[in-house]
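Each chain gets a letter, A, B and so on, in the order its sequence line appears, and its residues count up from 1.
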Protein chains: 2
Amino acid sequence: MSRSPSTSYHHGDLRGALVDAAVALVEEHSPARLSLREVARAAGVSHAAPYHHFSDRGDLLKAAGDRCMGDFLAAQESAVAAHDDPDARLVALGEAYVGYAAAHPHAFALVFDPELCPPGDPSPERAVLITRNEELLAACVVDLLVARGRDVGHAPALANALWGTVHGLAALVGDGHLPLDAVGPALEARLTL
Amino acid sequence: MSRSPSTSYHHGDLRGALVDAAVALVEEHSPARLSLREVARAAGVSHAAPYHHFSDRGDLLKAAGDRCMGDFLAAQESAVAAHDDPDARLVALGEAYVGYAAAHPHAFALVFDPELCPPGDPSPERAVLITRNEELLAACVVDLLVARGRDVGHAPALANALWGTVHGLAALVGDGHLPLDAVGPALEARLTL
DNA sequence: TCCTGATCTTTACAGTGTCAAGAAAGGCTC
DNA sequence: GAGCCTTTCTTGACACTGTAAAGATCAGGA
């Protein structure tokens, strides 16, 4: 009982290895096509082994989605941290958001898939990431409004509008409906308050 | 040879009935969970019958997506047609867009799913609908810019930005990440140019 | 040493997409 | 009308999937 059960015994850390494999496979094709058996094969383990670490296929995909959400948030945070000017910070956040969706379209889809992680009942780990992301955006918006001497009262509505704009462009680019190079001009025409 | 092969013989119009059934089932659950056999059962026909009208499962879902796209476009067109003021027309278009996603989230997802209808290679029927939708938005944006005496040169970039905003809010609402009543304030804070 | 419990494998079952072969029924020629 | 052909649909089969139950394997404690 001295070690965590997920980091010992036969495999070492099968749970982590399965999430690794799932995330790697999601880079190649849509999560809808990802089969549990395919993940088990990639991890070099029998097709039923995942059931000792996840309750079902959805549970594994949910864990993979949590991992992707972590990467997604980290990309936004480091982009924002690289700038001081409030305007530049918000633009950098938008670019990181769309950039992640363009570079990892299936992972982006996985993160927001309501079938896998019902927004009303996220995992505790996921809830933390969601809160951090919301606070990151809210802080950027408030900073910008303050820097411009504008009323901060509409910050929540404005944050939602900006989230919508950036999320929409990300989804359209990730799904191939809009070329990536159309995003810059669009944001330029709109994101500068 | 005097009638179309799809509107005669045994069933009458099995192809249409299958699309009807698929669209109806998509109202109830995600297209990812829609099985061909389930559609065949709903149409009262054997599990292999659809293969005489569609090349595979994706082909049927694509046809269902075309139907949904038609409804989606019709909702936007009638919303726009109900107003004269350029500002009101654009707002009505956005509301119809988000309203469709909120009322038919799975159909909305089906319409934009790149796995089912690759944006680079849409069906001829779909291509017509896409063009009409793009022209509808472009016309609304240009009308508004003209009415305000603004430069029309940035209309395409602005149209993409507005598309992104509305599509993002629609996707977030449709996926349950944002409540529908958050959309009004967000659009108000942003869509009025 | 043997036991206990966690981990993994084997086996099995229902459901799926898809294909091939056969039955049924409309429309043709005679 | 009879006979045939083509299109439509059904039946049966295969490989694959998710999932559950039962057995094997192995680490650590008595």
Side-chain angles (χ1 to χ4, degrees), chain A residues 1-22 24-26 28-65 106 110 113 115-118, chain B residues 1-22 24-26 28-65 106 110 113 115-118:
Chain A
M1 214 44 151
S2 59
R3 318 140 110 187
S4 156
S6 61
T7 60
S8 57
Y9 302 113
H10 304 59
H11 183 284
D13 179 19
L14 181 54
R15 188 190 158 92
L18 289 168
V19 173
D20 288 346
L25 287 167
V26 162
E28 292 168 18
H29 56 55
S30 150
R33 286 194 205 160
L34 186 71
S35 89
L36 241 186
R37 294 165 105 108
E38 183 185 11
V39 176
R41 277 193 298 269
V45 100
S46 91
H47 65 264
Y51 282 88
H52 293 270
H53 300 274
F54 302 95
S55 63
D56 59 10
R57 185 190 106 112
D59 197 31
L60 199 174
L61 284 203
K62 202 187 298 185
H106 299 131
L110 178 61
D113 189 335
E115 305 278 325
L116 298 178
C117 195
Chain B
M1 211 47 150
S2 59
R3 318 140 114 189
S4 158
S6 61
T7 59
S8 55
Y9 302 114
H10 304 59
H11 183 283
D13 180 18
L14 181 54
R15 188 189 157 92
L18 288 169
V19 174
D20 288 345
L25 287 167
V26 162
E28 292 169 17
H29 56 55
S30 150
R33 287 195 204 160
L34 187 71
S35 90
L36 242 185
R37 294 166 107 108
E38 183 186 9
V39 176
R41 276 194 297 271
V45 103
S46 89
H47 66 264
Y51 282 89
H52 294 270
H53 300 275
F54 302 95
S55 63
D56 59 11
R57 185 190 106 113
D59 198 31
L60 199 174
L61 283 205
K62 202 188 298 186
H106 300 130
L110 178 62
D113 189 334
E115 305 278 324
L116 298 178
C117 195

**Asked** How close do R15(A) and A63(A) get, heavy atom to heavy atom, and via which atoms?
**Response** NH2-CB, 4.2 Å
**Item:** Gap separating the CG atom of L60(A) from the CZ atom of F54(A), nearest 0.5 angstrom
**Value:** 4.5 Å
**Fill in**
Rounded to whole Å, CG of L25(B) lies from P of dT16(C) at a distance of 12 Å
**Asked** About how many Å separate SG of C117(A) and CG of D59(A), when rounded to the nearest 0.5 Å?
**Response** 10.0 Å
**Complete:** Distance col, row R33(A):CZ vs H106(A):NE2, nearest 0.5 angstrom, shows 7.5 Å
**Message:** Using whole Å, what does the distance between atom P of nucleotide dT18(C) and atom NE2 of H53(B) come to?
**Reply:** 16 Å
**Message:** Protein within reach of the bases, or only the backbone? For nucleotides 15-22 of chain D, mark each nucleotide 5' to 3' as B, S or -, using heavy atoms under 4.0 Å.
**Reply:** --BBBB--
**Request:** Using whole Å, report how far CZ of R33(A) lies from P of dG17(C).
**Result:** 14 Å
**Prompt:** Rounded to the Å, how far apart are L14(B) CG and dT8(D) C1'?
**Reply:** 9 Å
**Request:** For F54(B) and dG17(C), give me the distance from atom CZ to atom C1', rounded to whole Å.
**Result:** 15 Å
**Item:** Partner residues of R37(A) under the salt bridge (charged side-chain N to carboxylate O under 4.0 Å, His left out) criterion, sequence neighbours left out
**Value:** none
**Message:** Just verifying a value: how many Å separate D56(B) CG and L61(B) CG, rounded to the nearest 0.5 Å?
**Reply:** 9.0 Å
